[in-house]
**Student:** 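Here's a structure for you.
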Amino acid sequence: MKGRGGKFLPAVLIGIVGAASVLVGAVCFHYISRRIYEDSTVHLEEIYGQVDRSFGAFVERNWGLLDSCDDFFILAEEADAAAITDFIQEKQEYWGFSEFYFLGGDMKGLTPAGEEVPMDMGPARQLLDDGDPVMAAQTLPDGREVTVFAAPARPGEYEGFSYDAIAVSYTNADLAASLNVEAFSGQGRCFVIHDDGGVLLSTQTGGNVFNNYLTYLRAASDMDEEALAALQEGWQSGRTGLVQCRIGGVEQCVLYQPLGFQDYTMLSVVPRSAVSAGFLSVQNATIAALAVIFVLVGAMAAALLIQRSRALSRKNRTELQYRERMFDVLSNSVDDIFIMLNAADQNV
């Protein structure tokens, strides 16, 4: 039994070493994966936090532009239409907006060229009438979707058109360009939405076209009604948060951040694989290094156990050979008589 136990001992020890290596490797893999998720989430929030602040500065810049235009109109009361048109054109070339409008109380707008267009701006119009600057979506008579930045102005008149507010508009393509983010290999998409999910603007090109992101998630994601309600509650309360879900069969990270005015929220949607891509290369290299270390340690342990096993085996063979020789000596001396005497009294 002792020999049989010694024979199986190395195999047991090798098994223990192997199991311990697998356990340590699994713990390390879990830890590294968790760290990668946390770091990539922070990375995502940092990048799109900058986008959020950049867009907020873009909005403030447009309202500052409107203030400067209103100041010009006040100081140049006697200026003719040509001087006003030249001033607006100069601003347009510098700021890059698509069109300028004088807004009247009858929900109509007038361009410097004299074109009259409807400018209701939806619920934002009431905020404008209350004296607040606003951002709103507007569909022009030719079908173009534009985003309008409007601000109250001193009541005046331009070419016989009475106005009490002024505005500039941008096409969605121009606004999308202002939100362009080169990170994540261009796989990220940005949306500016109302707290009910209504989309004001989107950087998405091609694919599904939708007017409400909450409705889109309800149809295309694996989020249940409870999760969707919690998400909308986060938008309405002005919190920043991150959710993960499958959209169209792809794991996506959806980051939401309040823009800080009206009820607008910025959504940043990026495939999870893209968010973790840079960290995954580090993970793979680390796991490969750990695997090599575990293999080397396991091989060394196995080699030591095998060497010890062979040493024990040689010792056992030597003892066995010694016993066999003793037996042979006794067998060859079977005809002799051995008398064992006590050295003290010579007794048998």
**Student:** Name the orientation class of the two ring planes belonging to F72 and F87 (parallel below 30°, tilted from 30 to 60°, perpendicular beyond 60°).
**Tutor:**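 F72 vs F87 ring planes: parallel.
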**Student:** Can you confirm whether L103 sits close enough to R125 that some side-chain heavy atom of one is under 4.5 Å from a side-chain heavy atom of the other?
**Tutor:**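 Counting from C-beta outward, L103 and R125 do come under 4.5 Å.
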**Student:** Please report the C-alpha distance between Y170 and F149 in whole Å, then the side-chain angles of each, then the deciding distance to 0.1 Å, and finally whether the ring-ring contact (aromatic ring centres under 6.0 Å, His included) criterion is met.
**Tutor:** CA-CA 8 Å; Y170 291 82; F149 296 88; 5.8 Å; yes
**Student:** Between N212 and D196 (side chain of the first, backbone of the second, donor and acceptor by atom type, cut-off under 3.5 Å), is there such a pair?
**Tutor:**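 At least one qualifying donor-acceptor pair exists.
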**Student:** Within the structure provided, determine whether L231 and L217 are in side-chain contact (heavy-atom separation under 4.5 Å).
**Tutor:**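 L231 reaches L217 side chain to side chain.
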**Student:** Indicate the atoms forming the closest heavy-atom contact of L255 with T240, along with that distance.
**Tutor:**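 In terms of heavy atoms, the two residues are closest at CD1-CG2, 4.3 Å.
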**Student:** Which word best sums up how the rings of F102 and F100 line up, parallel for under 30°, tilted for 30 to 60°, or perpendicular for over 60°?
**Tutor:**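 If you compare the ring of F102 with that of F100, the planes turn out perpendicular.
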**Student:** So that I know where these two stand, are Y264 and F55 an aromatic pair - ring centroids less than 6.0 Å apart?
**Tutor:**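 Centroid distance Y264-F55: not below 6.0 Å, so no.
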**Student:** Ring centres of Y213 and Y216 under 6.0 Å apart?
**Tutor:**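 When the ring centroids of Y213 and Y216 are compared, they turn out to be within the sub-6.0 Å range.
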**Student:** Is it true that the side chains of E145 and T139 contain a donor and an acceptor less than 3.5 Å apart?
**Tutor:**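 Distance-only check passes for E145 and T139.
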**Student:** Would you say V117 and L66 are hydrophobically clustered, going by side-chain heavy atoms of ILVMFWY under 4.5 Å?
**Tutor:**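 In one cluster: no.
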**Student:** I need the single residue from Q252, Q244, E251 that forms a side chain to side chain donor-acceptor pair (under 3.5 Å) with R272. Which is it?
**Tutor:**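 Answer after filtering Q252, Q244, E251: Q244.
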